[in-house]
Amino acid sequence: MEKAINNRAWFFVLPVLVFVLFSSLVPLMTVINYSVQDTMGQNNFFFNGIAWFQNLLDPTTDIGGRFAAALVRNLLFSFVVLLIELPLGVGAALCIPRHGWKVGATLVLIALPLLIPYNVVGTIWQIFARADIGLLGYVLTHLGIAYNDTQDPTSAWATILVMDVWHWTGMVALLAYAGLKSIPDAFYQAARIDGAGRWSVFRNIELPKLQKVLVIAVLLRFMGSFMIYTEPSIVTGGGPGESTSFLSLDLVKIALGQVDLGNGAAMSLVYNLITLTICWVFFTVMTQLDRRKDV
Amino acid sequence: MATITLDGIGHAYPSRDPGEARRYALKPVHHVWRQGRAYALLGPSGCGKTTLLNIISGLVTPSDGRLLFDGQDMTHVSTERRNIAQVFQFPVIYDTMTVRENLLFPLRNRGVAKAAAGARVQEIATLLDLVPVLDRRARGLTADAKQKISLGRGLVRSDVSAVLFDEPLTVIDPALKWELRSKLKAVHEALDMLMIYVTHDQVEAMTFADEVVVMNDGRVLQIGTPTELFERPAHAFVGYFIGSPGMNFLPAVLQGDSARVADAVFPLGMRYATRSGTIRLGFRPDYATVTTGGEGVPVAVRRIEDLGRRRLARVALGGHELVATLPPGTTLDGATARLHVTPQHLHVYVDDERIDGDTSGGAA
C-alpha cells in the first residue's frame, strides 16, 4: 500500500526539535567545537582537524595511554559491580517478605541508601574507612588486616566497590521485588503441582519473569557505574596514584584541572559514544536474542 | 485414578474476633466424587467453588472435615504428593521451555524414565493436537494453545487422581471455546479420569459435566444431572441461576392442592400440608405459555421480547412481574392475556427450599 506523503507532519515535530536543540545539541556543540580546535592562548582558536581524537585513541601517546588505562579500569569496575549487585539484589528481593507490615519496613530499610545524596555517601565512606577514626578502617587495622584506602590500591578498590554495592544493590532489589510481585500465584501453585523444587521454581518461573526488569537493572547499573564520579572523588580522589581514576574522574582532571580543552572535549565525546554503544549493544543483545528463540 | 470423598469438608478463614461466629467460605459438605466421572462446580464469583477446588488440590487446608482419596485420608498431605493436576484460569507455562519440555517437566521432577516419559508426552500431545508445535517455544503460542499445554502437563502423569479445572476458558476466544470444550470432553472419554470443572457459566457446566454441583454463598445447594437441575431445582437459587431467563417466583398461599397468587389460583396436582415460612411458587418461563384466550389465569401484558429463536412475554400478575413463553404463531391483542402452566412444572418453595407434595393424597 502506498503511504500518503504529507510534509505538514514536519511542522508538528518542530517544537520537539527546538527543545532538543537547546537542551542537548547546543551545549554539545561547544564540546564538539573544542574537540576540533587548538589554542595558543589569548582566546585565539584555530582548526585542528581530528588530531585530538587521533592522539586520544592511540595508546602509545601520553593522553591515549592514560585514556586506555582509565577505560580498562572503568570497564573492570562496571563488570565487577554488575557481577556482585545483580545476584545480590535478586537474592535480597527473594528474601523480602510478601505480606504484612514487614514488607513496608524492609522496603524502607533497603531504599535508605538510595535516598542519600552522592557526596554524602562519599563523605560517609571516606570517614568510615579512615584507619584512625573510621569504624571500618579502625576495626580492620586492629584485626591485623593491612587496610589503608589512601595508600594501598587494593584497599581503595575494595572500599569503592563495597560502597557502590551498599549504595545501589537496594535499587536492583527493589526492581527485582517489583518483578517478583507481578508473578501470579497460579505459577507457584502449578509448580507445586508439577512437583518442582525451590531451585527449579527460581530457574523456570522467577528468573524468566524477571528478565525484563533485569535488563533495566543491568542498563541502569552499567550506566551508573560507568559514569561514577562523586563518591570515588571524595573517598579516594582517584588515588592512590591513578588506581581508582575512572573515566569521569580522569576527564575532570584533564578538562578542569589541567584546562586541556582539546583533549577534554575529545575525551568527552568518545566517552559518551562508548557509553551509548555499550548500552545499545546490551539492550539489543538481551532483548533480541531471546525473541529470536520464539519463532 | 481415584474416588474422592469429602467428609464434612468446610473452610472458615480465621476470625479476628473470638466471640464472632465463624464465617464459612465453604460450609461443611459431604460428597463423593466418583472415579471416571466429570463434575462441574457452578456458582457465581465468591461462592466458595474455588476454595473447594483448592482444598482438593491441597493449596488450602480445610478447617473442618476430612478429605479421602480412595478411602485414604489426604487432608494434610502436601500438594506435591497428592497426584492432582490443576488447570488454572490463566495459562501457566514455563516461558523458557519448548512445548515438549513443558510437558516433560512434571515427569522429570518425579524421576520418570526418559523413554517412558517421551512416549507419554507424544501420546498426550497427539490427544491435544499439540504435535506440530512440540518443539516451539511455549511463550510464543496463542492463549488456547498455552491452555492446552497447561492441561497437557496435568494429563501426562498417568497416575493422576483427578484433574481440576479452575475456569480454564476465561481467556479463550469465544470462537475457540467450543473447540476446547469438546477437546476436554474427548480427553475425559479417552483417559477415564475424574475431572472437576469450576465455572460460573451454566452452558460450560452443563455441556461438560455428568453431574453439576450448584453452589452459592459457601453452600452446596444441589447436586444433579443438568436435566435434574433444570426440571426440579432443589433451591430457589438453582432455579434462578440455571436457565435463561431464570425461574419465576411468586409469593403464594397454599390451599391444599392449589396455590393462590394474588387473585389467581394455580392447581398443583398434589396436596401440600400447610407450612410456616415464606412460601413461593416457582416455574420456568420455558413451561409457561401466554395465549389470548382459553384457560389459565388472567395477566396484564407488559412487553414482548423477540429473541429470534423464541419470543418471551413479560407479564404482570397482581403486581408481580414474570416471564413466559409466547407460542409460535400467537399474537397478543390488547393488554391482557391468559397464562397457563402445567401442574407438573409448578414447584413450591418454602424459605427457598423446594418441597414435595403428597401425590397419594392426589388431586381431589
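These values consider heavy atoms only, across backbone and side chains, with no hydrogens, waters or symmetry-generated copies. Labels below follow one simple rule: chain letters A, B, ... track the order of the sequence lines, proteins then strands, and each chain is numbered from 1.
Gln147(B) and Ser150(B) share a side-chain donor-acceptor pair at under 3.5 Å. The closest side-chain donor-acceptor pair between Thr75(B) and Arg66(B), if any, does not fall under 3.5 angstrom. For the 3.5 Å distance criterion, the side chains of Tyr197(B) and Asp166(B) fail to qualify, holding no donor opposite an acceptor. One side chain, Thr142(B) or Asp144(B), offers a donor N or O that lies under 3.5 Å from an acceptor on the other.
Chain A forms the most heavy-atom pairs under 4.5 Å with one residue out of Met97(B), Arg82(B), Arg153(B), Arg108(B), and that residue is Arg153(B). Note on Gln86(B), Gln89(B), Arg81(B): by heavy-atom pairs under 4.5 Å with chain A, the leading option is Gln86(B). Between chain A and the options Ser57(B), Gly58(B), Ser78(B), Pro106(B), heavy-atom pairs under 4.5 Å are most frequent for Pro106(B).
Only the side chain of Arg157(B) comes within less than 4.5 Å of a heavy atom in chain A; its backbone stays farther off. Of the atoms belonging to Ile93(B), it is backbone heavy atoms, and not side-chain ones, that fall under 4.5 Å from chain A.
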_salt bridge (charged side-chain N to carboxylate O under 4.0 Å, His left out) between Lys209(A) and Glu206(A), intermediate numbers included_ = CA-CA 5 Å; Lys209(A) 295 276 174 209; Glu206(A) 290 172 329; over 6 Å; no

